[in-house]
Amino acid sequence: MSKTDRTGQTFEKLTVIADHGGAQLQCRCDCGREGSYPRAITKPSYRGPKACPWCLGSPCEECGTIIPYKGRMPAKTCSKGCRSIRAARRERERYDQVKDTNDFKAKRADYLRRLDDAMAADSKLAESVRETRRQAVRDWRERQLANPELRGKYRMRAQQTEQRRLERIRSDPDAHAEHLRRQRAWYHALSDDEYRRIFVSAREERDRRNKHSD
């Protein structure tokens, strides 16, 4: 028995544009996209999609690009780049939620103590950790230099945080004296390379930036 030609028939958003009698129908979605769909869409019992993957898709949480529906749980992002951005955003949100809790502060303090002990016992580890921290600072500075607005916000926030910290220290004579002692000890412990990197190179870099901005 020959199959009924379904050309021209519409099933929700899909209109059959070619029926060659096989298991697949060539359809056009209301949005204009064309594709092959199973002949079963013509049956009342069919429970599958009756629209193209883009019309059934969902927007990327980061850039808004429509992610085509593929018959499973919808993806949250459209690309590896957006996935990385979403993961970083969610981690920042999680950190903002826990950073002021006593439990987080206690765990972080314990971690830093253990890291300091490990660095004191292993000079190679200590240098590796310091270099990782220095690289993170360099990367952050590069991002700031590339974005003047970001740099301005960061500098203002850093100045306010430092001002509050110094006010707390100065309000306690013992804490202030200890702070000065540690600063002097740190300064005198600097190697020639460290001194040049922290003071001389930083000053030269500021001078170059000021010269270019004039």
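FYI, the numbering just counts along the sequence from 1. Just so it is clear, the values below take in all heavy atoms, side chains as well, and ignore hydrogens, waters and symmetry mates.
Within the 3.5 Å criterion, the main-chain N or O of Gly22 finds a donor-acceptor partner in the side chain of Arg39. Side-chain N or O atoms of Thr15 include none that pairs as donor or acceptor with a backbone N or O of Phe11 at under 3.5 Å. Panel note: side chain Glu127, backbone Lys124; no donor-acceptor pair is recorded below 3.5 Å.
When all heavy atoms are compared, the tightest approach of Leu125 to Ala118 is CD2-CB, 3.7 Å. Closest approach of Tyr46 to Ala40, counting heavy atoms only: CB-O, 3.1 Å. Ser58 and Pro74 make their closest contact through OG-CB, 3.7 Å (heavy atoms, listed as atom of the first residue, atom of the second, distance). Looking at every heavy atom in both residues, Arg28 comes nearest to Ile17 through NH1-CG2, 3.3 Å.
Side-chain N/O atoms of Asp5 and Thr7 include a donor and acceptor closer than 3.5 Å. Residues Gln144 and Arg141 have side chains that never bring a donor and an acceptor to within less than 3.5 angstrom of each other. Residues Arg157 and Gln160 have side chains that never bring a donor and an acceptor to within less than 3.5 angstrom of each other. Glu62 and Thr77 share no donor-acceptor pair across their side chains, judged by distance under 3.5 Å alone.
Contact check for Arg184 versus Tyr187: no side-chain heavy atoms found under the 4.5 Å cut-off. Inter-residue side-chain proximity for Thr65 and Ser79 is flagged as unmet; no heavy-atom pair is nearer than 4.5 Å. A heavy-atom distance below 4.5 Å is not found between the side chains of Lys99 and Arg108. Put simply, the side chain of Thr161 does not reach to within 4.5 Å of the side chain of Arg165, judged on heavy atoms. At a threshold of 4.5 Å between non-hydrogen side-chain atoms, the residues Leu150 and Trp140 count as touching. Side-chain contact check for Arg6 versus Thr4: some heavy-atom pair is nearer than 4.5 Å. In this structure, the side chains of Arg143 and Asp139 come closer than 4.5 Å at one or more pairs of heavy atoms. Val16 is not listed as a side-chain neighbour of Thr42, based on a closest heavy-atom distance of 4.5 Å or more.
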Review point. Would Tyr95 and Phe104 count as a ring-ring contact (aromatic ring centres under 6.0 Å, His included) if you check the C-alpha gap in whole Å, the side-chain angles of each, and the deciding distance to 0.1 Å?
Key: CA-CA 9 Å; Tyr95 174 72; Phe104 176 81; 5.7 Å; yes
Exercise for review: Check the pair Lys107 / Asp103 against salt bridge (charged side-chain N to carboxylate O under 4.0 Å, His left out), numbers first and verdict last.
Suggested key: CA-CA 6 Å; Lys107 288 181 178 179; Asp103 181 60; 3.4 Å; yes
Exercise for review: Carefully, step by step, assess His179 and Leu166 under the rule side-chain contact (heavy atoms from CB on, under 4.5 Å).
Suggested key: CA-CA 9 Å; His179 168 71; Leu166 291 176; 4.2 Å; yes
**Study point:** Candidate pair Glu194 and Arg130, rule salt bridge (charged side-chain N to carboxylate O under 4.0 Å, His left out), full reasoning
**Key:** CA-CA 12 Å; Glu194 289 172 330; Arg130 293 189 186 102; 5.8 Å; no
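By the neighbour-count criterion of 12 heavy atoms within 6.0 Å, atom CD of Glu167 is densely surrounded, having more than that number from other residues, nucleotides or ligands.
Hydrophobic clustering, with ILVMFWY side chains joined whenever heavy atoms are under 4.5 angstrom apart, groups Tyr195 together with Trp186. Under the 4.5 Å side-chain contact rule for hydrophobic residues, Tyr111 and Val129 share a cluster.
For Trp54 and Tyr69, the ring centers sit 6.0 Å or farther from each other.
Among the candidates Gln97, Arg89, Arg90, the single residue satisfying the side-chain hydrogen bond (donor to acceptor under 3.5 Å, both in side chains) test with Glu93 is Arg89.
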